[in-house]
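Contents: one structure, followed by commentary.
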Amino acid sequence: MVRRYVLVVLMCAALGALAVPAKAGPAEDSARVFVKSLADRALSTLKSDVSKLDRDRQFHAILAEGFDVPAIARFSLGAYWEKASETDRQEYLRLFQDLIVQTYSARLSSIYNGQKLDIGTARPDGKIGMWVATKIVSPNPADESVRIDWRLRQPGGDKHKVIDVVVNNISMVVTQRDDFVAALQGNGGDVRSFLGTLRDKIAKLQTGA
Amino acid sequence: MYPIRHSEGFLHGSALVSLAFWDGFMLPILVSHGAADKGWNRLLQGLTGTSPVRAKFRAEIKNGVRGKMLGEIQVLGGRSIKMTTLSIPTQSKGFVARGTWRRAAGLAGVALLASWLGGCATEPKTPEGKIAFEEANDTAEPTNRVIFEMNQVLDSAILKPAAKVYRGVLPDDTRAGIRRIFNNVRAPVTFANDVMQGEMGRAMQTVMRLAVNTVLGFGGFFDVAGQYGMQRHDEDFGQTLAVWGFNEGPFVMLPIFGPSNIRDATGLVVDSFLNPIGYVLSFGANAGRTAVEGIDKRAEVIEPLDEIERTSVDFYATIRSLYRQRRNDEINNGQPGSNIPAPSISDEFLDEKPADPTAAVPGGAAKPAS
């Protein structure tokens with residue numbers, strides 16, 4: 001009984017897997033390829049036995065090429081973006097990149113132990129966007145797999161850029177914004193002093209403190 | 001540490017933190033509010049016949065901002081910690097403590113003071129502040145932050161070290177098995193909530209899993225049902241309330257239990273009555289179960305939580321955000337799209353108005369490959 005059930009599920013899954021590529025257009029395919037190459041680069045950086053400085057440098061390159069950093073940065077500042085002066089915005093964008101590199105370089109290398117990324121399906125998100133569903137599979141079968149959805153867009157019309165990474169339905173960009181906005185709210189909305197806080201944070205993370 | 005089985009303690013007023021020593025583990029167990037304190041204490045005394053640990057604090061407010069706290073913790077069997085009179089500011093930053101006990105107790109007092117002083121956050125005046133305030137949904141933020149700090153102290157003094165020892169002593173497989181037993185024990189709660197949510201298929205699956213794993217899996221140590229494709233899921237009364245249409249209510253930071261909201265905190269209480277094992281086991285055994293379960297959960301997130309604390313600008317706000325997003329995900333049973341920015345926000349992302357306003361946010365992300 002149970003076996004038959006499993007078999008039916010497996011057959012449905014197999015049929016589903018066959019059906020998907022037939023429906024997927026070139027945009028879906030290119031989105032999947034893009035996420036795969038981005039993830040491969042990140043994973044090979046984590047795998048390689050390089051110094052923290054080199055690892056950070058490689059993450060910087062991956063971030064700059066694969067992510068729409070200005071859009072994410074702007075969103076992360078919430079309504080305070082409108083309040084920030086042009087100079088502050090420039091400074092913030094620079095700091096934001098450093099912080100993201102430091103944050104994820106540390107977070108990812110602390111949890112990495114040989115996981116692989118399975119690329120799933122892609123589907124459109126609005127006019128110029130795309131969702132790519134993926135799964136992190138651990139070499140240890142006891143670990144539950146982690147689901148990661150990549151939200152992409154094509155700002156110039158050709159190249160994909162990541163605008164959000166959603167881990168088990170938790171949006172990294174929303175989390176970042178909630179963190180920043182609370183910090184800004186806590187200091188009375190002073191963007192300047194917030195930038196100082198960011199600088200301190202980055203300095204601490206760079207030295208591995 | 002003393003092998004004392006039960007404990008009680010209370011703060012005058014709203015917050016109560018009770019710390020127990022149980023089989024060598026210092027164990028935080030009980031939190032209640034206001035008038036319930038007396039009831040709890042009487043109940044505990046009735047159960048234990050005595051009150052081995054007693055913590056008593058008195059807080060006074062002076063000049064509106066600075067408070068004085070008197071405290072005493074008495075442990076039956078020889079140890080007594082008396083707290084000197086402390087003059088503490090209502091913001092915990094300025095509070096210097098000697099010793100963890102004092103600090104934890106002191107912060108509890110501070111939490112109390114803060115709530116007495118009208119811990120409700122005042123609505124900010126700037127437009128950005130107003131948006132942030134609405135978005136945070138945290139009307140008791142000052143009090144919550146103090147409780148959060150108090151939890152941090154307790155965590156670094158008790159829970160985290162215990163979790164490290166636990167992880168160091170037991171191999172991964174054993175801990176995974178123990179976790180499965182806890183999950184199995186929790187199955188009746190999940191079942192009750194499956195039914196209350198009208199999810200009959202999932203309810204059946206929960207019963208099947210409970211039966212199979214209890215009998216064939218040695219009480220749940222092995223997930224036999226899972227190997228046959230019956231995957232585990234979790235439900236709690238907070239989620240049931242959400243399914244019934246209750247909104248989350250303001251965010252609250254519970255002492256010891258951590259981030260929650262009015263809806264989920266209510267659910268926590270209801271769930272504690274839904275589990276038959278709570279009635280079968282003695283009070284001490286239940287407290288031990290809760291403690292080991294808490295230590296096991298904590299042991300799984302030692303590094304990730306350290307990293308989040310290290311990398312976030314505002315750790316409290318990050319935890320608050322993660323809690324809400326995770327709960328949304330759980331309420332939607334893992335269906336995608338629960339935390340994706342609303343259309344107006346994705347417009348900001350896209351820098352242009354989509355032709356169809358609903359098109360910016362799809363029903364959710366694409367399904368993962370399976």
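Chain naming here is simple, since letters A, B, ... match the order of the sequence lines and numbering starts at 1 in each. Source: prediction; values computed, not measured.
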**Message:** Looking at every non-hydrogen atom in both residues, tell me the closest pair between B:E128 and A:A79 and how far apart they are.
**Reply:** CG-O, 3.6 Å
**Item:** Minimum heavy-atom distance between A:V174 and B:Q325, given as atom pair plus value
**Value:** CG1-NE2, 3.7 Å
**Request:** Select one option (side chain, backbone, both, neither) describing which atoms of B:S312 are under 4.5 Å from chain A's heavy atoms.
**Result:** both
**Request:** Can you tell which part of B:A176 gets under 4.5 Å to a heavy atom of chain A, answering side chain, backbone, both or neither?
**Result:** neither
**Prompt:** When heavy-atom pairs shorter than 4.5 Å are enumerated against chain A, which of B:P304, B:A317, B:A136, B:A132 gives the highest number?
**Reply:** B:A132
Rounded to the nearest 0.5 Å, what's the gap from [atom1] on [X] to [atom2] on [Y]? Could you check?
X	Y	atom1	atom2	result
A:I170	B:R327	CD1	CZ	12.0 Å
B:I319	A:D178	CD1	CG	12.5 Å
A:N169	B:N328	CG	CG	9.5 Å
B:S321	A:Q176	OG	CD	9.5 Å
B:T126	A:Y80	OG1	OH	5.0 Å
B:D314	A:Q185	CG	CD	9.5 Å

**Message:** Apply side chain to side chain contact (heavy atoms under 4.5 Å, CB included) to residues B:L322 and A:T175 and explain how you reach the verdict.
**Reply:** CA-CA 7 Å; B:L322 290 172; A:T175 310; 3.7 Å; yes
**Request:** Sort out for me which residue in A:L184, A:T197, A:D200 forms a side-chain contact (heavy atoms from CB on, under 4.5 Å) with B:V313.
**Result:** A:T197
For [X], does the [atom1] atom sit with more than 12 other heavy atoms under 6.0 Å from it, leaving out its own atoms?
X	atom1	answer
A:R192	CZ	no
B:F218	CZ	no
B:K297	NZ	no
A:K36	NZ	no

**Prompt:** Heavy-atom distance under 4.5 Å to chain B: side chain of A:Y104, backbone, both or neither?
**Reply:** neither
**Message:** Would you say B:T311 and A:Q102 are linked by a side-chain donor-acceptor pair, where the criterion is simply a distance under 3.5 Å?
**Reply:** no
**Message:** side chain to side chain contact (heavy atoms under 4.5 Å, CB included), that's the test. Do B:E135 and A:V181 meet it? Break it down for me.
**Reply:** CA-CA 10 Å; B:E135 187 78 26; A:V181 167; over 6 Å; no
